[in-house]
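Have a look at the structure below before the remarks.
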Amino acid sequence: MAHGFCAQPLVPRLEPPAEWVERLTARLAHLPRPLYAFAIGSSETYKQWGAKNYADLATRLSREGAGVLLLGGPGERQLTQDILSLIPASEASRVLEVTDVPALGSAAALSVVDVCVGNDTGMVNVAAAVARPTYVIIGPRPTLDHDPLMHMITAPKLSDISVDRVFALLCDARSKQA
């Protein structure tokens, strides 16, 4: 707007390539619904909610019958392994990690999930751009308000954002959709 390219804010939208959507749809087909993507990456450690929190949230969601996708890039492979190691074996079949696709593959994966939860990272913006409700665990930072599909979860410290709180928000949103 400042440069005169548009008269009002534009909500970003993205349509991933059909071939990637087909690939990721097939890869995720065995996971139950609703299917939650966790955008676990972060460019800075102070933006990282942590492996234990993500593992606990994945466990709670999977016990409710949901599927969970741990989504990241090659730099998050160790983090996904840390998260998976904390998930009980009884819930492991409902959780899948995807860290081996390019950015368009991640966008495609996000386009086939029901909801995204993640750190303050680029992938939460991609999730909203592919029209998925997105919950951003952002802590005490300026919120992202450019897309009505993005819901900010804030607190004085990132560590103050509990698994119980995030789980309750997700359950509340799901009950409103039903």
Side-chain angles (χ1 to χ4, degrees), residues 12-42 48-137 147 149-151 153 163 166-178:
R13 289 294 174 250
L14 172 67
E15 187 172 329
E19 68 183 57
W20 276 108
V21 173
E22 289 172 21
R23 282 188 211 175
L24 273 296
T25 297
R27 188 167 173 183
L28 304 177
H30 73 282
L31 293 171
R33 296 287 183 156
L35 180 54
Y36 294 87
F38 292 177
I40 61 170
S42 65
Q48 179 53 254
W49 195 43
K52 181 161 180 13
N53 287 327
Y54 280 117
D56 290 349
L57 183 59
T59 299
R60 290 193 59 189
L61 289 169
S62 67
R63 284 186 176 148
E64 294 289 319
V68 177
L69 168 64
L70 304 175
L71 186 64
E76 283 79 45
R77 284 188 180 131
Q78 184 58 55
L79 179 58
T80 60
Q81 294 309 304
D82 294 345
I83 294 168
L84 290 169
S85 74
L86 296 170
I87 295 172
S90 60
E91 307 307 320
S93 67
R94 293 184 192 97
V95 182
L96 177 71
E97 62 113 350
V98 173
T99 58
D100 61 345
V101 297
L104 285 175
S106 293
L110 290 167
S111 76
V112 299
V113 303
D114 298 299
V115 176
C116 179
V117 178
N119 299 316
D120 177 12
T121 183
M123 275 301 128
V124 294
N125 291 282
V126 172
V130 297
R132 292 303 173 259
T134 303
Y135 293 81
V136 185
I137 301 167
D147 194 313
L149 291 174
M150 295 181 86
H151 309 279
I153 304 172
V163 171
V166 176
F167 181 75
L169 287 168
L170 296 173
C171 289
D172 185 54
R174 187 172 58 203
S175 70
K176 288 178 181 175
Q177 291 176 341

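Everything numeric here is computed off the predicted structure, so don't read it as measured data.
- Contact check for Ser111 versus Trp20: no side-chain heavy atoms found under the 4.5 Å cut-off.
- Considering Gln81, Glu76, Glu97 in turn, Glu97 is the only one that fulfils the side chain to side chain contact (heavy atoms under 4.5 Å, CB included) rule with Leu70.
- A donor-acceptor pair under 3.5 Å links the side-chain atoms of Arg132 to the main chain of Val113, judged by distance alone.
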*Run the side chain to side chain contact (heavy atoms under 4.5 Å, CB included) check on Tyr54 and Leu79 step by step: do they pass?*
CA-CA 10 Å; Tyr54 280 117; Leu79 179 58; 5.7 Å; no
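- Rounding to the nearest 0.5 angstrom, the gap separating the OG1 atom in Thr121 from the CD1 atom in Ile137 is 12.0 Å.
- Of the residues Val115, Val68, Leu69, Ile83, the one that meets the side chain to side chain contact (heavy atoms under 4.5 Å, CB included) test with Phe38 is Val68.
- Considering every non-hydrogen atom in both Ala58 and Val95, the closest pair reads CB-CG2, 4.4 Å.
- Within the model, atoms CD1 of Ile87 and CG of Asp82 stand 11.0 Å from one another, a figure rounded to the nearest 0.5 Å.
- Atom CG of Leu24 and atom CG of Leu110 lie 9.0 Å apart (nearest 0.5 Å).
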_Applying side chain to side chain contact (heavy atoms under 4.5 Å, CB included) to Tyr135 and Val166, what does each step give before you reach the verdict?_
CA-CA 9 Å; Tyr135 293 81; Val166 176; 5.8 Å; no
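- Closest approach of Met150 and Ala128 over heavy atoms only: CG-CB, 3.5 Å.
- A distance of 5.5 Å separates OG of Ser62 from CZ of Arg94, quoted to the nearest 0.5 Å.
- At a threshold of 4.5 Å between non-hydrogen side-chain atoms, the residues Asp100 and Arg77 count as touching.
- For the atom pair Asp114 CG and Arg174 CZ, the distance stands at 10.0 Å (nearest 0.5 Å).
- Between the side chain of Asn119 and the backbone N or O of Trp49, at least one donor-acceptor pair lies under 3.5 Å.
- Of all heavy-atom pairs spanning Leu31 and Ser93, the tightest one is CD2-O, 3.9 Å.
- Using a 4.0 Å cut-off between a side-chain N of Lys or Arg and a carboxylate O of Asp or Glu, Glu64 and Arg60 do not qualify as a salt bridge.
- Judged by distance alone, the side chain of Arg27 and the main-chain N or O of Glu22 form no donor-acceptor pair under 3.5 Å.
- Summarising the geometry of Ala103 relative to Met123, their closest heavy-atom pair is O-CE, 4.4 Å, with the distance given to 0.1 Å.
- Considering all non-hydrogen atoms of both residues, Val112 and Val21 come closest at CG1-CG1, 4.0 Å.
- Thr59 and Pro88 get closest at one heavy-atom pair: OG1-CD, 3.4 Å.
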